[in-house]
Amino acid sequence: MSIPSVDLDTLRHSAAHLMAAAVVELFPGAEYGIGPSIEDGFYYDFLLPGEARFTDEDLPRIEARMRDIQARHTPYERSELSRDQALEEFRRLQQRFKVELIERIPKDEIISCYRTGDFFDLCRGPHVTEAGAIPAFALLHPAGAYWHGDETQPMLQRIYGTAWGSQADLDAYLERLEMARQRDHRRVGRELDMFSLSEELGGGLVLWHPNGATVRTVIEDYWRREHRRRGYKLVYTPHVAREHLWEVSGHLGFFAEEMYGPMEVEGDRYRIKPMSCPFHILIYKSRQRSYRELPLRLAELASVYRFQRSGTLHGLLRVRGFTQDDAHIFCTEEQAEPEVAGVLDLVREMMGRFGFHELEIDLSTRPAKAAGEDRMWELAEAALERAVKSRGMEFQVNPGEGAFYGPKVDVHIRDAMGRRWQCATVQFDFNEPERFDLEYIGDDGAPHRPIMVHRTLLGSLERFFGVLLEHYAGALPVWLSPVQVQLVPVSDDQLGYSQQLVEELEDAGFRAEVYDRPGRQLNAKIRDGQLAKVPYLAVVGRREVEAGTVHLRDTRSGAQVALTKDELLDRLRVETRPS
RNA sequence: GCCGACGUAGCUCAGUGGUAGAGCAGCGGUUUCGUAAACCGCUGGCCGGGAGUUCGAAUCUCCCCGUCGGCUCCA
């Protein structure tokens, strides 16, 4: 990596201005919104005269004009204006969005602006000194974006670009984008025959093929084992419930837009469940509860259905039918902190097992409009913060970003490409216990309201599986692979021996199969195994049959080694053992 | 839902007004092979759907559906 003379944020922000300068030259009368630097690049939003839109063809033109401006060594000139001067200037320029931004700036603040050629912008800076000082950039794609991200506001035309300290860095970034495309879970999922989505089925609904289903089963088995070990009680609940239940829970009030419409059964209306909490609450309420039973942790791998707008669906990462690894913890006030800490421990252990070791935590606190008493919010926020600190985890506070019914922590993971994914979440709920009038009998013989915590670790199995596929680029670790060992006979003479080995491997609890296309050449068989990302190929020819061994190829490294059957079993046991 | 792009064989893609193509996959045959693609042949398409323009539409126009990149929201 070369070291740029200015930091990348400045470079990218200046690139955004350079792009805007090119746009105002090419599209006189364009209004502009905001143009920040973002992770790996920048964007700028415009409103083009006469409702014009950017198309893909416009980008090369704009890019060429940016290079013209660079060749002129157009400077970035800073000026400072009073608020009134700035307002007057941007009104004169007919830049309504800038006027709006200035109106939000406190009265006494000095306002700085930058000029780059024809482009004059409200901007805090800093910037490079001149346009030629941006070593490498590229425009990526146009997009629509609402002003302030609000769909009641005008839709602006956004252009995304990227800028780097050197051409080599830019090339490396573009290569990284291509690599990300190569490991896109939708592509990998098709190549490895893991899952599919079907127009005939409907948007956002997932078909798990045998390979994907095998992986899912392994994940579920592991998940159930860990939950039992930690004192969770596993439950099953139905997919639909009377609409009345959703009225009591409040979901029809605040979640109705995301719920599928009602269906009528014998004059009663039913709804498909978008969440499991009311069901778990009914289990809690099925009899009187004692403080001796708390904490009560009810867990379920629950398929839920939520309506999502068609434009937001995305492979497995954003679907309409998904499986939450859900749990609800009912506990006393004193138990809240240790329970949250226990969830965090479980998150860390499970994510580590799946190969995610970097966790980032967001703590979201009370929003302006909130249900529940102040005392409960303070108690819950303190419990969350102390639990996170007690585990030595770094966290960031998002003030006012909590749900109306309670504060929460969200846990994000970073994948092999450095991308951030939200998975686990732990949320307090002061709303539903109230609505369902939950109680337990305390050691004082009197009824008390329990604390209720919603939590999920993987988030949804669909999304988590998509993230896993991208993280490993489809080459799942041995314990998760649909096929762990493929027996590859050199010629058909070794089919019998191969089949016998498969049976021994399966008896030992491993997933093994024989390469099932007789007559192909060995090279082709190896290639098929490599492309299917089977972790181990056990080649057996005449020599191995005679010696009772296999010639094992590790498809990730290409390394080969001769092993006896027992050595093979040992190796698999070691590699699939929970670390 | 909104903005833009795209939709041709199972997959990846070529074909821009004149008889629908390639590679891979699939199927049949030959080959029985020592670590990333053997050889020969065959099948496969309402060119996303509908309407229009035209002597003639995969190709031009309009509408719809879907996918992709974004906006918003979120597991």
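Sequence lines set the chain letters: A, B, ... in the order given, protein chains first and strands last, and positions in each chain run from 1.
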Subject >> Protein-nucleotide distance (A:Asp528, atom CG; B:C24, atom P), rounded to Å >> reply: 14 Å
Original post:
With both distances under 3.5 Å as the test, what is the Watson-Crick or G-U wobble partner of B:A22?
Top reply: B:U12
Subject >> Parallel, tilted or perpendicular: rings of A:Phe356 and A:Tyr472 (30°, 60°) >> reply: tilted
Original post:
Within the structure shown, what part of the strands sits under 4.0 Å from A:Arg455 by heavy-atom distance: base, sugar-phosphate, or nothing?
Top reply: nothing
Original post:
If you check every side-chain atom of A:Gln521, which of B:A38, B:C74, B:U72 has the closest atom?
Top reply: B:A38
Original post:
Is A:Gly144 touching bases, backbone alone, or none of the nucleic acid, heavy atoms closer than 4.0 Å?
Top reply: base
Original post:
Counting any heavy atom closer than 4.0 Å, what does A:Tyr160 reach on the DNA or RNA strands: base, sugar-phosphate only, or nothing?
Top reply: sugar-phosphate
Original post:
Any side-chain donor-acceptor pair under 3.5 Å between A:Arg158 and A:Tyr160?
Top reply: yes
Subject >> Donor-acceptor contact present, side-chain A:Arg183 to main-chain A:Glu470, <3.5 Å >> reply: yes
Subject >> Residue closer to the 5' end of RNA chain B, A:Leu156 versus A:Arg309 (nearest nucleotide) >> reply: A:Leu156
Original post:
Which value, in whole Å, describes the distance between the P atoms of nucleotides B:G44 and B:G21?
Top reply: 13 Å
Subject >> Value in whole Å for how far the C1' atom of B:A36 lies from CD of A:Gln560 >> reply: 11 Å
**OP:** Answer whether the closest heavy-atom distance between the side chains of A:Val411 and A:Met393 falls below 4.5 Å.
**Re:** no
**OP:** Nearest-nucleotide wise, let me know which of A:Leu317 and A:Gly519 is further upstream toward the 5' end of RNA chain B.
**Re:** A:Gly519
Original post:
Donor-acceptor pair under 3.5 Å: do we get one between A:Arg520's side chain and the base of B:U32?
Top reply: no
Subject >> Complementary nucleotide for B:C27 - Watson-Crick or wobble, under 3.5 Å >> reply: B:G41
**OP:** Find the partner of B:U35: check Watson-Crick (N1-N3 plus N6-O4 or O6-N4) and G-U wobble (N1-O2, O6-N3) distances, both under 3.5 Å, and reply none if neither fits.
**Re:** none
Original post:
How long is the line joining CZ of A:Arg53 and P of B:C2, in whole Å?
Top reply: 12 Å
**OP:** Indicate, yes or no, whether a donor-acceptor pair under 3.5 Å links the base of B:G34 to the side chain of A:Glu544.
**Re:** yes
**OP:** Using a 4.0 Å heavy-atom cut-off across all strands, classify A:His551 as base, sugar-phosphate, or nothing.
**Re:** base
Original post:
Does B:A75 have A:Phe322 stacked on its base, where the ring centres are within less than 5.5 Å and the planes differ by under 30°?
Top reply: yes
**OP:** Could you grab the distance from atom CG of A:Leu156 to atom OH of A:Tyr146, nearest 0.5 Å is fine?
**Re:** 11.0 Å
**OP:** Considering only atom P, compute the distance from B:A14 to B:G26 and round it to an integer number of Å.
**Re:** 24 Å
Original post:
For A:Tyr515 and A:Asp528, does a side-chain donor sit closer than 3.5 Å to a side-chain acceptor?
Top reply: yes
**OP:** Report yes or no: is there a donor-acceptor pair, N or O only, under 3.5 Å between the side chain of A:Tyr146 and the base of B:G70?
**Re:** no
Original post:
B:C60 pairs with which nucleotide, Watson-Crick or G-U wobble, both distances below 3.5 Å?
Top reply: B:G52
**OP:** Take atom CZ of A:Arg318 and atom C1' of B:G1, then tell me their distance rounded to the nearest Å.
**Re:** 13 Å
**OP:** Measure from the side-chain heavy atoms of A:Val319 and tell me the nearest of B:A75, B:G69, B:U12.
**Re:** B:A75
**OP:** Please give the nucleotide sitting opposite B:G7 as a Watson-Crick or G-U wobble pair, both distances under 3.5 Å, or none.
**Re:** B:C65
Subject >> Inter-nucleotide P distance (B:C40, B:C47), Å rounded >> reply: 32 Å
**OP:** Would you check if A:His148 and A:Glu100 make a side-chain contact, meaning some heavy-atom pair closer than 4.5 Å?
**Re:** yes
Original post:
Has A:Arg190 got a side-chain N or O lying under 4.0 Å from the OP1 or OP2 atom of B:U67?
Top reply: no
Original post:
OP1 or OP2 of B:U72 less than 4.0 angstrom from a side-chain nitrogen or oxygen of A:His148, does that happen here?
Top reply: no
Subject >> Atom-to-atom span, CG of A:Leu48 to P of B:C3 - whole angstrom >> reply: 14 Å
Original post:
If you check the A:Ala524 side chain, which of B:C73, B:A38, B:A36 turns out closest?
Top reply: B:A38
Original post:
B:A25 and B:G34: how far apart are their C1' atoms, nearest whole angstrom?
Top reply: 26 Å
**OP:** Rounded to the nearest angstrom, tell me the gap between atom CD in A:Gln182 and atom C1' in B:U12.
**Re:** 11 Å
**OP:** Could you tell me whether the side chain of A:Phe395 reaches within less than 4.5 Å of the side chain of A:Val409, counting heavy atoms only?
**Re:** no
Original post:
With a non-hydrogen cut-off below 4.0 angstrom, is A:Thr456 in contact with a base, only sugar-phosphate, or nothing?
Top reply: nothing
Subject >> B:C74 versus B:U16 - spacing of their P atoms, nearest Å >> reply: 47 Å
Subject >> Atom C1', compared across B:G15 and B:G23: separation rounded to whole Å >> reply: 15 Å
**OP:** Quote, to the nearest angstrom, the C1' distance that separates B:U53 from B:C62.
**Re:** 11 Å
Original post:
How many Å lie between CG on A:Leu531 and C1' on B:U12, as a whole number?
Top reply: 14 Å
**OP:** Name the orientation class of the two ring planes belonging to A:His185 and A:His314 (parallel below 30°, tilted from 30 to 60°, perpendicular beyond 60°).
**Re:** tilted
Subject >> Nearest-nucleotide pick for A:Gln324, side chain only, options being B:C73, B:A75, B:G69 >> reply: B:A75
Original post:
If we call it a pair only when both distances are under 3.5 Å in a Watson-Crick or G-U wobble match, what pairs with B:C2?
Top reply: B:G70
**OP:** Would you mind reading off the distance between A:Arg187 atom CZ and B:G69 atom P, rounded to a whole angstrom?
**Re:** 13 Å
Original post:
Between B:A36 and A:Asn523, is there an OP1 or OP2 to side-chain N/O distance shorter than 4.0 Å?
Top reply: yes
**OP:** Just compare B:C3, B:A75, B:G34 and give me whichever is closest to any side-chain atom of A:Gln157.
**Re:** B:C3
Original post:
Looking across every strand, which nucleic acid part, if any, lies under 4.0 Å from A:Glu191 by heavy atom: base, sugar-phosphate, or nothing?
Top reply: nothing
Original post:
Taking atom C1' in both B:C24 and B:C42, what distance in whole Å separates the two?
Top reply: 16 Å
**OP:** Tell me yes or no: between the side chains of A:Thr162 and A:Arg12, is some donor less than 3.5 Å from an acceptor?
**Re:** no
**OP:** May I ask you to verify if any side-chain N or O of A:Arg186 is less than 4.0 angstrom from the OP1 or OP2 atom of B:C68?
**Re:** yes
**OP:** Name the nucleic acid region contacted by A:Gly541, choosing base, sugar-phosphate or nothing; use a 4.0 angstrom heavy-atom cut-off, strictly under.
**Re:** base
**OP:** Check every strand shown and say whether A:Glu462 touches a base, only sugar-phosphate, or nothing at a heavy-atom separation below 4.0 Å.
**Re:** nothing
Original post:
Which nucleotide in the set B:A75, B:A36, B:C3 lies at the smallest distance from any side-chain heavy atom of A:Arg553?
Top reply: B:A36
**OP:** May I ask you to verify whether the side chain of A:Arg542 and the base of B:C33 hold a donor-acceptor pair under 3.5 Å?
**Re:** no
Original post:
Checking all strands, does A:Tyr43 fall into the base, sugar-phosphate, or nothing category for heavy-atom contacts under 4.0 angstrom?
Top reply: nothing
